[in-house]
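Notes for the one structure printed next.
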Amino acid sequence: MDWTAITTRMGRRIAAAMGLCGVVPLVLFAIAAAREADTAGAAAAASRLSGESELYADLIRARLGVAETVVETATANAASDNSSALKRQVGNSRVFKSVVLVNSDGVLAGGETALRPSPTQLLALATGQTVLMAVSVDGQLTGVFMAHHVSVAGGTRLAYFELAPDWLWKEIDDLPGTALAVIETDGRILHGGGTLAPDTRRMFAEHILSSGEGGLPDTLTWQDGGKAWRGVLKQVPLTSERITTIPWGVVVYSGESSFFARSARIWALLPWGLIALTLCVFLADRYISARFAPACAALQRGLPALQRRRFEALPLTGSDEPRELLEAFNRCAVSLQDQFRALETLGEIDKLLLGSAELEQVLEGILSRVQTVTRCHCVGITLRDADAPGRGRVYLAAIGLSGLPVSRVELDDDMLTTLASVSEGLTVARCEDMRHSFLRPLKDTGAEFFWVWPVNVADRVEAILAVGYRDPPAAEPLLARSGSQFAERLAVALSKSAHDERLYRQAHFDPLTSLPNRILFRDRLSQEISTATAGLSRGALLYIDLDHFKRVNDSVGHGAGDQLLGIVAQRLRSCVKEGDTVARLGGDEFTVILRNVADPDSAKTIGERIIESLQLPVNIGGRDHFVCASIGITLFPDDGSNIDDVMRNADMAMYRAKDLGRGCLMFFDPRMNSRSVVPTETGLQRALRRREFSLFYQPQFSIGNGALAGVEALLRWQTAREGMRHPGEFVPAAEKSGLIVDIGGWVLEAACTQLASWRDQNIVPPRLALNVSAQQLKQEEFPGEVRRALDKYGLPAAWLELELTESVFADEAAGAALERLAQLGVHLALDDFGTGYSSLSYLRQHPIGTVKIDRTFLEDVPQNPASATLVETIVVMAHALGKRVIAEGIETAEQLEFLRERSCDIAQGFYLSRPLSAEVVTELLQARAQSGSRAGTIREAG
Ligand code: C2E
Ligand code: MG
Ligand code: MG
């Protein structure tokens, strides 16, 4: 049994509304009917009372007429007879009970006066009329009499005929529901009347008189005994020429019944009516609820489910609008599901795009998802070939097709032009072989109708997205939109892929030779080492350095040098197997990673092959160039199992190869580690290239006030193998090879960069002293180089001081160079004064402002009087020439004190501060700028 009619709110409301609609008219109808019944009942009762009263009045009048006739007859017949005959006659009739004869004056024999006629009656009797009278004794009615003169025995007597009540009132009785009273005008009750109150009787008597004999029945209402009564009074029409009497009235009356009593039957029916109504309402409610409630309930469940993104169709129940509502809901759910799916799918693809997914993954993602969103039979993505734009590859996904088959197609230019301008896509119903070549693979899966979208990257169709259907697809805007959106994602993926590819190439390949660069090389090497250490194989690393490459660069220019490197790269590649890696680390350094090296000899063979192939002349611009290579070989994991060790080993082996002479190879030997390595030209060149040099700065303080007077830039070499190396270890080699010129150039550049950086940090830079080699000064262009370096950073020349050693004066041209430098405004200092062919005349001749006393003179000052005298003399002489004096190598307080006493200007040494890195000296300068601290604090910092 379905109770939704009662259990649902809707059911209850329908029931209530229908109930109200039924009950109100029913009750109103009942009231109206009751009122009608009441009126009709009242009228009927009145009419009955009226009828009865008239009937009885007539009956009484008729009987009295009969009685009078009997009286007339008897009295006439008695004329000749005596009273006994009269009595007999009366005795024979049922009309009279008895007859009494009295004197004509009416007095009864014996003197009783009860029946004495009134004068009026006597007058009437005298005229031969019959007088009707009721007689009471002590207020009690004793009888109704008819009096008439009678002649008996010659005399006139008055005969009183007593009417027999059984006859007179026969059948004049209370009828069911009514009462009856016969009453005289003096209020005396003649018959019936029960216990009518005296007031009531009086009221009746008055109405008898007022209504008149022939009048209409008089309807009366009154209260008696606490109850309402209604009655109809009719005067008995007695008065005639034959009878004289006071008027009589007949009142038929009944208790007044209430409205409800009169409409009781209607009210009795009402509950049944209500029961019937309830039943009808229930049935109707059930009917309506059964049609509408299930649909509403389904919607009630379905909508929250929709909110939770469950797009299930609802069962179609009910009828009419609710059913239509369900149908609309289901349509809406399908459409929402499609839209959500499309959005989700696009979101997933976006995730792929934003993540590090490869193009192939994005393609796969789009292919598999487009199908679900567009409900198509198959999807194809055609990618144009990068190298042959007229061709393309179609990646296909179709129902019942596994994997992602790829087919090659020739693309129609005209079609591509058409497609470029229809980003919203177009439909193809008739597939032409040439024009729609990219749809052929889709057609082969059974599709007949197609939607096609261009994938435009920078206004060029880079790919085509196509979906195929077996039946014509509905022209849904969602489909067109989804397709465009997928195409857009694909465009992003393609441009991202191209961009990624570019970035990857930029980051991992050397642009000149297209060989893997240092980053990719390290990556591959670490992979190979891992594989090798896992016990799977052995590998070899070949470190190749070109000999005399610099010569090519210097002699025929960098363009030719670049060409040569390209050719070298090709030759190297041709010497190794597929899977081996040839990389360029920079400059003329190359590496080769060999995989699966069975024994050292096979690595050696390849090394020799490389040397041979590089020894062949390289023709550039019609000129043959000769380069050769030095190769260091190390095996892994035999010689090392960590990338830095392997690199260092190969590097070291290559150095040894170079030491042995050019164009040979050398295997790494652990003993190489123990020997100190003399820096070679190649090593220094490489250090320069690899940016292994740095500058340290040693502060110089004014002895008089402790103020920072300047800093001296000192070169440091951070080597991979031996850590930090000091100039004493490599400057001589650099001088020897001539590389000191390049290194000096780097120092000048680095020093100017540092000055600019301090200036930019709002640090007032101290005077910066640079050591300049004699070879640098010899360079014609050196002063110009200094000028350019200063101009490059917009630095004042006075911020620089160039330290030269006395050796510069060996060259006669030095004077001119010094002059040009001085004109620039840079300061000049004579370093290591006293160690060389020191000559005061140089100081006099050249624009040198500062003299640096070599630290060897200060070593035993002040203990050694000779040294002390020498230092003192230098200070005095320099001052005499107007030069500043800097004392180097101050290691003790005594030395400082000694210099102070000798009025030396500036002190530099470990006692005051060691050379400091750029960061530390920057912090120091900042701190000094804030506090203006003195020399003592520097010593602590150093
Ligand atoms: P220098 O120009 O006479 O530099 C002073 C050297 O004395 C520095 O050695 C410095 O560290 C060291 N020194 C300073 N105070 C003390 C001290 O109290 N006690 C001791 N024992 N030594 C002290 P460094 O840096 O090893 O430089 C050595 C030489 O290398 C320099 O002598 C300079 O002739 C040359 N040099 C340094 N940097 C360059 C440069 O950039 N270019 C050129 N051409 N030569 C440079
Ligand atoms: Mg110096
Ligand atoms: Mg010096």
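Every heavy atom of this structure was used, including side-chain atoms; hydrogens, water molecules and symmetry mates were not. Just so you know, ligand 1 is whichever comes first in the structure, and atom 1 is the first atom listed for that ligand.
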- request: Using protein heavy atoms only, decide if any is under 4.0 Å from atom 45 (N) of ligand 1.
  value: yes
- prompt: Among the heavy atoms of Gly744, does any lie under 4.0 Å from an atom of ligand 1?
  reply: no
- prompt: Backbone N or O of Met652 within a donor-acceptor pair of the Asn649 side chain at under 3.5 Å?
  reply: no
field: Carboxylate-amine/guanidinium proximity below 4.0 Å for Arg522 and Asp644
entry: yes
Side-chain donor-acceptor distances from residues 742-751 under 3.5 Å, at least two apart:
from   : atom 1 : to     : atom 2 : distance (Å)
Glu749 : OE2    : Lys792 : NZ     : 2.8
Glu749 : OE2    : Tyr793 : OH     : 2.7

- prompt: What N, O or S atom of Glu712 is found closest to the Mg ion (ligand 2)?
  reply: OE2
message: Looking at Glu801 and Arg884, is any side-chain nitrogen of the basic one under 4.0 Å from a carboxylate oxygen of the acidic one?
response: yes
field: No-hydrogen, no-angle side-chain donor-acceptor test under 3.5 Å, Gln926 and Thr922
entry: no
- prompt: Taking both backbone and side-chain atoms of Tyr911, is any N or O found less than 3.5 Å from an N or O belonging to ligand 1?
  reply: no
- prompt: Hey, is the main chain of Asn771 close enough, under 3.5 Å, to the side chain of Asp831 for a donor-acceptor pair?
  reply: no
task: Spell out the protein N/O/S atoms under 2.8 Å from the Mg ion (ligand 3) as residue plus atom name.
output: Asp831 OD1, Asp832 OD1, Glu888 OE1
message: Parallel, tilted or perpendicular: which one describes the rings of Phe693 and Trp717, with boundaries at 30° and 60°?
response: tilted
statement: Counting heavy atoms under 4.0 Å, the part of Gln700 that contacts ligand 1 is neither
- prompt: When you measure from atom 25 (O) of ligand 1 to each heavy atom in Arg716, Gln698, His726, Arg725, which option holds the nearest one?
  reply: Arg716
- prompt: Starting from atom 34 (O) of ligand 1, which protein heavy atom do you reach first, and at what distance in Å?
  reply: Asp832 OD2, 4.3 Å
Result block: side-chain N/O donor-acceptor pairs under 3.5 angstrom for residues 814-829, not counting sequence neighbours:
from   : atom 1 : to     : atom 2 : distance (Å)
Arg820 : NH1    : Glu780 : O      : 3.3
His827 : NE2    : Arg767 : NH2    : 3.3
His827 : NE2    : Ala798 : O      : 3.2

Residue Pro915 vicinity, atoms of ligand 1 by number, heavy atom under 4.0 Å: 11 (O)
message: I need the nearest protein heavy-atom contact for atom 42 (N) of ligand 1: residue, atom name and distance, please.
response: Asn771 O, 3.2 Å
field: Cation-aromatic face contact Arg518/Phe521, 6.0 Å, 45 degrees
entry: no
message: One thing to verify: whether Asp791 and Arg788 come together as a salt bridge, which I'm taking to mean a side-chain N less than 4.0 angstrom from a carboxylate O.
response: no
statement: atom 20 (C) of ligand 1 has as its nearest protein heavy atom Glu891 OE2, 3.2 Å
query: Considering residues at least two apart in sequence or located in another chain, which fulfil the side-chain hydrogen bond (donor to acceptor under 3.5 Å, both in side chains) criterion with Thr856?
result: Asp854
message: Working note: Glu735 + Ser773, criterion side chain to side chain donor-acceptor pair (under 3.5 Å); need CA distance, chi angles, decisive distance, verdict.
response: CA-CA 8 Å; Glu735 296 269 7; Ser773 148; 3.1 Å; yes
field: Any N or O of Gln776 closer than 3.5 Å to N or O of ligand 1
entry: no
Within-shell test, Arg914 vs ligand 1, heavy atom, strictly < 4.0 Å: no
- line: Between Ser630 and Met654 the two heavy atoms that sit nearest each other are O-CG, 3.6 Å
message: I'd like to check Phe590 versus Leu565 (side-chain heavy atoms, cut-off strictly below 4.5 Å). Are they in contact?
response: yes
message: Can you name the atoms of ligand 1, numbered from 1 with element, that are less than 4.0 Å from a heavy atom of Val747?
response: 41 (O)
message: Is any side-chain heavy atom of His879 closer than 4.5 Å to one of Val875?
response: yes
- prompt: When you measure from atom 1 (P) of ligand 1 to every protein heavy atom, which one gives the shortest distance, and what is it?
  reply: Asp831 OD2, 3.7 Å
field: Atom indices of ligand 1, in the order listed, that fall short of 4.0 Å to a heavy atom of Glu888
entry: 1 (P), 3 (O), 4 (O), 5 (C)
query: If you look at every heavy atom in Leu585 and Met647, which pair is closest and at what distance?
result: CD1-CE, 4.3 Å
message: Looking only at protein heavy atoms, which one is nearest to atom 29 (C) of ligand 1, and what is the separation?
response: Pro727 CB, 4.2 Å
query: Could a heavy atom of Lys852 be found less than 4.0 Å from some atom of ligand 1?
result: no
task: Among all protein heavy atoms, pick out the one at the shortest distance from atom 7 (O) of ligand 1; state its residue, atom name and that distance to 0.1 Å.
output: Arg855 NE, 3.4 Å
message: Please report whether atom 9 (O) of ligand 1 has a protein non-hydrogen atom at a separation of less than 4.0 Å.
response: no
For ligand 1, the portion of Leu715 having any non-hydrogen atom under 4.0 Å away: both
- request: Would you verify that at least one protein heavy atom lies under 4.0 Å from atom 17 (C) of ligand 1, or report that none does?
  value: yes
task: Before accepting this row, confirm whether a basic side-chain N of the pair Arg656/Asp669 lies closer than 4.0 Å to the acidic partner's carboxylate O.
output: no
query: Do any heavy atoms of Gly889 fall under 4.0 Å from ligand 1?
result: yes
task: Just need the protein heavy atom nearest to atom 13 (N) of ligand 1, so name the residue and atom and give the distance.
output: Phe910 CE2, 3.6 Å
